[in-house]
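Notes for the one structure printed next.
To find a chain, count down the sequence lines: A is the first, B the second, and so on, and within it residues start at 1.
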There are 2 protein chains.
Amino acid sequence: MDERELLVLGLLMAQSQHGYQINEFIERNLGQVSDMKKATAYAILKRLNQAGCVDVSVEQEGNRPPRQMYSITERGEARFQELLRSVLSSVENVTPSGDIGLMFIDHLPASEALALLAERLKRTEQLLAVLGSVPRHGHGHGVDLSISHRIALLQCDRDWLKETIGALLKSSVSERRK
Amino acid sequence: MDERELLVLGLLMAQSQHGYQINEFIERNLGQVSDMKKATAYAILKRLNQAGCVDVSVEQEGNRPPRQMYSITERGEARFQELLRSVLSSVENVTPSGDIGLMFIDHLPASEALALLAERLKRTEQLLAVLGSVPRHGHGHGVDLSISHRIALLQCDRDWLKETIGALLKSSVSERRK
DNA sequence: TATAACATGTAACAAGTTACATGATTTC
DNA sequence: GAAATCATGTAACTTGTTACATGTTATA
């Protein structure tokens with residue numbers, strides 16, 4: 001929740017925008033970073049406005065649907081700083097949600113467990129390929145940092161999967177020898 | 001969502017239990033793996049029962065509050081297998097939520113950014129210490145696998161943070177020299 | 001005798017998603 | 001003239017959390 005608010009505020013820190021622009025940017029450029037949906041963004045803008053963190057002004061060109069321009073206020077900037085500090089220094093302390101399955105892997109025959117982990121490995125490598133080809137800005141700031149972190153984690157996943165598959169393979173072979 | 005359901009079904013695969021036992025086990029032994037709350041577990045049990053995935057039978061000893069014993073049904077076992085396969089083979093494709101902050105780190109003075117990342121590093125190392133001392137079963141199965149994955153990811157985080165702090169330090173020094 | 005542990009659950013709320021509704025303008 | 005894009009939003013639903021309500025039994 002904090003992250004979505006931070007994201008909206010962060011985009012408004014760069015420049016005043018209307019809702020459509022913000023959603024557009026998230027969908028087009030931040031698909032790898034956030035999966036926030038339109039309705040959520042609009043709701044957050046409303047909430048932020050009620051809290052005095054953003055100002056709204058209506059603009060209209062000709063007969064087009066009116067655009068609500070959102071600008072961050074001083075209070076909003078303070079909120080942005082606060083969220084940013086908190087998010088940057090904190091660490092999530094629960095297992096990534098996909099990992100519950102690992103606990104129960106023994107309920108499957110070894111061969112199938114191996115096949116599923118292999119599938120996961122394949123998908124991880126595909127994602128890595130996608131992220132590797134995402135355009136970077138090269139100065140190691142902004143979105144780049146976020147992407148580089150994500151890549152590092154996925155590489156770790158890949159290596160861990162390879163190792164785990166290897167270990168499982170060994171133990172299933174020695175099992176069969178008994 | 002699927003994960004929570006999988007967790008409950010998985011615990012019932014081991015043995016029939018009543019709700020209190022399940023919650024107890026999650027709180028006591030799986031605190032590092034899941035943060036599911038009591039009300040959620042009870043709600044999931046209800047849902048699973050309505051879907052025909054678990055059977056309920058009421059037991060009463062003396063005057064104590066009655067216990068609802070939950071047992072997994074055949075349909076429930078099928079559901080368990082289905083969820084397990086899907087969860088094991090899939091990969092989340094969005095950045096971990098804490099990472100949005102990285103995108104905006106340039107909005108802070110370099111010195112503060114460094115301090116916040118250092119704090120994050122410290123907390124990561126603390127968590128690693130905790131996880132390292134969690135009791136293991138040693139056979140590389142069950143919860144162990146989940147914990148070992150989590151440890152691998154945290155180690156990756158730690159290394160990435162160290163590297164990133166180093167890089168930021170360098171660039172902030174060269175910045176000052178200009 | 002107080003309080004911790006046992007045992008179950010509900011009600012109110014918060015956050016987010018899906019799907020829908022509306023209407024103008026541009027492009028094919 | 002149909003479809004895509006621009007632009008905004010709401011209503012219903014799902015999931016999950018917090019906080020509360022209830023009552024028993026063992027323990028300090």
Side-chain angles (χ1 to χ4, degrees), chain A residues 1-9 11-12 16-28 30-31 33-51 53-54 56-70 83 87 92-95 97 100, chain B residues 1-9 11-12 16-31 33-51 54 56-70 83 87 92-95 97 100:
Chain A
M1 181 227 155
D2 281 358
E3 283 82 24
R4 311 208 177 241
E5 198 173 317
L6 177 61
L7 177 55
V8 171
L9 285 172
L11 295 179
L12 290 177
S16 297
Q17 302 184 54
H18 50 269
Y20 191 84
Q21 246 175 70
I22 291 175
N23 283 310
E24 184 92 335
F25 189 83
I26 291 172
E27 272 174 33
R28 294 243 171 106
L30 303 181
V33 186
S34 173
D35 55 357
M36 187 167 44
K37 300 302 188 300
K38 275 181 216 177
T40 307
Y42 279 116
I44 288 176
L45 284 167
K46 201 182 196 180
R47 210 202 295 150
L48 285 172
N49 179 239
Q50 274 159 10
C53 292
V54 302
V56 193
S57 67
V58 182
E59 286 181 8
Q60 184 138 21
E61 285 177 32
N63 233 354
R64 293 186 190 191
R67 304 189 297 181
Q68 326 279 313
M69 280 296 291
Y70 297 94
L83 284 175
V87 161
E92 272 118 304
N93 63 1
V94 179
T95 294
S97 56
I100 300 288
Chain B
M1 183 231 154
D2 282 357
E3 284 80 26
R4 311 209 178 241
E5 200 174 313
L6 177 62
L7 178 55
V8 171
L9 286 172
L11 295 180
L12 290 178
S16 296
Q17 301 184 53
H18 51 266
Y20 191 83
Q21 247 176 66
I22 291 175
N23 282 310
E24 186 89 338
F25 189 81
I26 292 172
E27 273 173 31
R28 294 244 172 105
N29 307 311
L30 303 181
V33 185
S34 173
D35 56 356
M36 187 168 44
K37 299 303 188 299
K38 275 181 217 177
T40 307
Y42 279 116
I44 287 176
L45 283 168
K46 203 182 195 178
R47 212 201 295 151
L48 284 172
N49 179 238
Q50 275 159 8
V54 302
V56 193
S57 67
V58 183
E59 286 181 9
Q60 184 138 22
E61 285 177 31
N63 236 352
R64 293 187 188 188
R67 303 189 299 181
Q68 327 279 315
M69 280 294 293
Y70 298 94
L83 284 174
V87 161
E92 271 117 308
N93 62 1
V94 179
T95 295
S97 57
I100 300 288

Just to verify, what does B/Q21 make a side chain to side chain donor-acceptor pair (under 3.5 Å) with, not counting sequence neighbours?
B/H18
Base, sugar-phosphate, or nothing: which does B/D35 touch, judged by heavy atoms less than 4.0 Å apart?
sugar-phosphate
Under a 4.0 Å heavy-atom cut-off, which of residues 36-49 of chain B touch DNA chain D?
B/K37, B/A39, B/T40, B/R47
Pairing residues for A/S16 by the side chain to side chain donor-acceptor pair (under 3.5 Å) criterion, not counting sequence neighbours:
A/S71
Rounded to whole Å, please give me the gap between CD in A/Q21 and C1' in D/dT5.
14 Å
Just jot down the side chain to side chain contact (heavy atoms under 4.5 Å, CB included) partners of A/E24, sequence neighbours excluded, or say none.
A/Y20, A/R28
Please list all pairs passing the side-chain hydrogen bond (donor to acceptor under 3.5 Å, both in side chains) test where one or both residues lie in residues 40-50 of chain A, with sequence neighbours left out.
A/E5-A/R47
Closest approach of A/N23 and A/A41, non-hydrogen atoms and distance?
OD1-CB, 3.1 Å
Could you give the CZ-to-C1' distance, from A/R67 to C/dT25, as a whole number of Å?
13 Å
Partners of A/S57 by side chain to side chain donor-acceptor pair (under 3.5 Å), sequence neighbours excluded?
none
Report the distance from atom CE of B/M1 to atom P of C/dT18, rounded to the nearest whole Å.
14 Å
Identify the two heavy atoms, one from A/L12 and one from A/Q17, that lie closest to each other, and give their separation to 0.1 Å.
CD2-N, 3.8 Å
Who passes side chain to side chain donor-acceptor pair (under 3.5 Å) against A/D2, sequence neighbours left out?
none
Using rotation axes that map the C1' atoms of four end pairs onto the next four (five pairs an end), what angle separates the end axes of the helix from C/dT1-D/dA28 to C/dC28-D/dG1, to 10°?
20°
Whole-Å distance separating the CD atom of A/E24 from the P atom of D/dT5
10 Å
